[in-house]
K.L.:
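Got a structure for you, questions after.
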Amino acid sequence: MSHNQGTSREAAISLRRLMPRLEERFAGRTDEAAWKAYSIRVRRHFPRLFELLYRLYGEQYDFFYHLERALRIATQMWLARRDELKALDALKEVDNQWFQSSRMLGAVCYVDLFAGDLAGLREHIPYLRELGVTFLHLMPLFRSPKGDNDGGYAVSSYRELEPRLGNMEQLAALADELRLHGISLVLDFVFNHTADDHDWARQALEGDEERQAFYRMFPDRELPNQFERTLRPIFPDEHPGAFTYHSRLRRWVWTSFHNYQWDLNYANPAVFNAMAEEMLFLANQGVEVLRLDAVAFVWKRLGTSCENLPEAHMIIQAFNALVHLAAPATVFLSEAIVHPDEVIKYIGEDECQLSYNPMLMALLWNTLATRDVTLLRSAMEQRFAIPAGCAWVNYIRCHDDIGWVFSDDDARALGIEPRDHRRFLNDFYIGRFEGSFARGLPFQEDPVSGDARVSGSAASLCGLEQALAAQDAAAADLAVRRILLLHGVILTIGGIPLIYLGDELGTLNDYHYSEDPQKDGDSRWVHRPRFDWESAARRHDPETPAGRIFHGLLQLIQLRQQNLAFTRSETEIVDTGNRYVFGYFRRNASQSVLVLANFSEAPQVLEARRLRLLGLRKVLADLVAGQTIAAVRELQMDPYQLRVMVGTT
Ligand code: GLC
Ligand code: GLC
C-alpha cells in the first residue's frame with residue numbers, strides 16, 4: 001500500500017517530466033501563491049498516485065498518456081473550484097478530523113420523498129437543525145432513466161439532476177446554504193456502474209468501440225459462464241448471475257445489479273480518468289462527503305468472487321489521491337456491505353476515512369431478536385477498532401435491506417450455527433417466527449440457497465406496527481423503548497450516528513409501493529415512504545409514539561453534544577456480567593462514561609462488584625435518567641433501558 005515500494009524513483013522522474021508541462025499550461029490561470037500551494041500538494045500526493053496507477057495500468061502501452069491526463073484533470077478541476085470551496089479546503093486540511101466531533105449527526109433522505117424538490121428541502125432546513133443534523137446524505141438525485149432506476153442508483157448523467165428535483169446550480173447553492181447552517185452535504189458517487197442510457201452506454205450501443213471498452217461486454221457465454229462459477233448473485237429475483245444479453249449489441253453485458261445498470265470497466269484507464277472527472281465535478285458542487293457506492297464490485301478477475309479485489313482498493317486510493325490534489329475538503333464514505341474482514345480494508349486515511357458499520361447494524365437487530373448480547377459483544381471487541389483518523393458511520397436502518405453480515409467464525413466460536421441462525425433472523429424479522437414482534441418483508445429470497453435479506457422500517461421491525469394494529473399500549477411502549485435503545489447505541493458509540501429520516505418519528509412500513517409497477521417486486525420500497533409532515537407536526541405531543549420517539553432522540557442527541565466523552569474519544573467494549581446488557585466505555589482525557597444497554601424486555605440487574613471491577617464508584621450519575629444512583633449491591637436496569645453513567649475512578 002505504501003508508495004515507496006520501489007516506484008519512488010520512477011515517480012520522481014515522471015513528475016519532473018510532467019510538472020513543467022503542467023505549469024506551462026495551467027500556472028497562468030491563477031495567482032502565484034495559489035499555484036505554489038497547489039504544486040506542493042502535487043509533490044506530496046503524486047508519488048502515491050503514480051504508484052497506484054502504475055500498478056493498475058503500468059503494463060498498458062499508453063500508460064504515460066493516461067497518467068498525464070489524470071494530473072491534468074485534477075488541475076483543471078482544482079482551477080474550476082470556487083473560492084469558497086478552496087477556503088474550505090484550507091480549513092479542512094488543518095482540521096482533517098472534523099468528523100470526530102460529538103456534534104456530528106447524520107441524516108439521510110430522498111429529496112422527493114422528504115421535501116418534494118430542492119427548493120422544498122431548503123424550507124425544511126429548520127427541521128434538520130432542530131434535530132441537530134450536521135451531515136446530510138441526499139439519496140441519488142441525478143438524471144436517471146424513466147421508470148425503473150433503482151431509486152436513482154442508475155445514473156444517466158453525473159452532471160445533471162432529475163429535472164423534477166431541481167438543477168445543479170440549485171444543488172451547489174443548497175450545499176452553500178447547508179454549510180452556513182453547519183451541515184455538510186453528502187452525495188453518492190455511484191461509480192461501479194452507469195445507467196444503460198448514459199451517453200457512454202448510448203455511444204457504445206451505436207457501435208463506438210472506445211465506449212464499448214468502457215463496459216465489460218462479451219460476444220458469447222464462454223467467459224460469462226466461467227465468471228459465474230464463482231460469483232454471488234446480488235439481485236437473484238431479477239436475474240440469475242451477473243450478465244444481461246443485449247440483442248442490439250449481440251453481447252452479454254456485465255450487470256452486477258439490475259439489467260439496466262452496466263458495470264464500468266476499470267481495467268481501462270480511460271474509465272478511471274473519466275470517472276475521476278465526474279467525481280471532482282461533484283466535489284466542486286460543494287459536496288463534502290462522497291458516499292462511494294458498491295465499492296466491493298469495481299474490479300473483476302476470473303476465478304474470484306469479483307468482490308473486494310485488491311485492485312478495487314487501489315482504484316479508491318487513486319481517487320483519494322486525486323481528491324487530495326484537487327478538492328481536499330472532500331472525504332470518502334465507503335459503502336461496503338460485506339463480510340467484516342473486508343469492510344475494514346476500505347477504511348484508511350488514504351482510502352475511505354468513513355465507512356458504514358453494517359456489522360453493528362446487523363448485530364443490533366440480532367440482539368433485539370435474541371436478547372443476548374454475547375455475539376454483539378465479542379464481535380465488537382474484536383472488530384470495532386479502526387485506523388486513527390477514520391470513523392464509523394453507525395446506523396440502524398438505511399434505504400437498503402438488512403443483510404446478516406456478521407462473521408460466521410465469530411458466530412461459530414459461540415456455538416451458533418451461522419446458517420440456521422440467519423434463517424432464524426429472517427423468520428423473526430419477517431414475522432414468521434412465533435412470538436416475534438417484528439413486521440418485515442423478505443428481500444431477494446433465493447429459492448436455491450434459501451438466503452434472504454429483510455426490508456422494513458425501524459419502527460415496524462421494532463414492533464410498533466404490530467402493537468398499534470393490536471391496540472396494545474404495553475406492546476407499543478416496548479416498541480418505542482426498542483427504537484430508542486437502538487438509536488441510543490448509535491448515538492453513544494464511537495463514530496457518526498446516521499438517522500434515516502422518518503425513523504425519528506417512528507414511521508411504519510408503507511405497503512402502497514406494490515401498487516406501483518416500478519416499485520413492485522423490490523420490497524425495499526416498503527421502508528421508503530413519503531415523509532409524513534403531519535406526524536412531524538405532532539412531534540412535540542408526548543402522548544403519541546412519534547412524540548415520545550422524537551423527544552427521546554432529541555434528549556440523547558443533546559446528551560451526546562454536551563458531553564466531552566463523545567468527542568474524539570475511544571470506545572472500549574466491556575463485559576457487564578449480564579448477558580442481556582451490552583456495555584462500553586467512551587473516554588478521552590476530559591471525561592469517561594460507561595454506556596449500558598439492556599436488550600431485554602425484562603428488568604435486569606448488574607452486580608455492583610462487577611461495576612466496581614470496571615472502575616465505577618458506588619455513587620454514580622446517569623445522564624439519561626438525570627439521576628444520581630447509589631449502586632451499593634447492584635444496579636437495576638428497566639426493560640430496554642439505556643444508561644450513560646459517569647463516576648468512574
Ligand atoms: C448500493 C445502494 C443500493 C443499490 C446498489 C446498486 O448498494 O445502496 O440501493 O441498489 O448500490 O447501485
Ligand atoms: C450491496 C450489498 C448487498 C445489498 C445491495 C443493495 O452492495 O452487497 O447486500 O443488498 O447492494 O441492496
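Counting starts at 1 for both ligands and their atoms, following the listed order.
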K.L.:
Determine whether the aromatic ring centres of residues Phe135 and Phe99 are separated by less than 6.0 angstrom.
P.N.:
no
K.L.:
Is there a donor-acceptor contact under 3.5 Å linking the side chains of Asp520 and Ser514?
P.N.:
no
K.L.:
Give every donor-acceptor pair under 3.5 Å between a side-chain atom in residues 487-496 and any protein atom, sequence neighbours left out.
P.N.:
| residue | atom | partner | partner atom | Å |
| --- | --- | --- | --- | --- |
| His487 | ND1 | Ile483 | O | 2.9 |
| Thr492 | OG1 | Gly488 | O | 2.7 |
| Thr492 | OG1 | Val489 | O | 3.4 |
| Thr492 | OG1 | Tyr584 | OH | 2.6 |

K.L.:
Which side-chain hydrogen bond (donor to acceptor under 3.5 Å, both in side chains) pairs, counting each pair once, include a residue from residues 262-274, with sequence neighbours left out?
P.N.:
Asn192-Asp263, Arg216-Asn265, Ser256-Asp263, Asp263-Lys300
K.L.:
Which of the numbered atoms in ligand 1 are under 4.0 angstrom from any heavy atom belonging to Glu335?
P.N.:
1 (C), 7 (O), 8 (O)
K.L.:
As an exercise, identify every atom of ligand 1 less than 4.0 angstrom from a heavy atom of His193.
P.N.:
6 (C), 12 (O)
K.L.:
List ligand 1 atoms under 4.0 Å from His399, heavy atoms only on the residue side.
P.N.:
2 (C), 3 (C), 8 (O), 9 (O)
K.L.:
Check ligand 1 against Phe235 and write out every atom of the ligand that is under 4.0 Å from a heavy-atom position of the residue.
P.N.:
10 (O)
K.L.:
Provide the number and element of each atom of ligand 1 under 4.0 Å from a heavy atom of Asp400.
P.N.:
2 (C), 3 (C), 7 (O), 8 (O), 9 (O)
K.L.:
Please confirm whether His258 comes under 4.0 Å of ligand 1, counting heavy atoms of the residue only.
P.N.:
no
K.L.:
Checking the N or O distance criterion of under 3.5 Å, is ligand 1 in contact with Asp293?
P.N.:
yes
K.L.:
Which label fits Trp254 and Phe218: parallel for a plane angle under 30°, tilted from 30 to 60°, or perpendicular past 60°?
P.N.:
tilted
K.L.:
Is the distance between the ring centroids of Phe214 and His198 less than 6.0 Å?
P.N.:
no
K.L.:
So, does Met139 sit close enough to ligand 1 that a heavy atom of it is under 4.0 Å from the ligand?
P.N.:
no
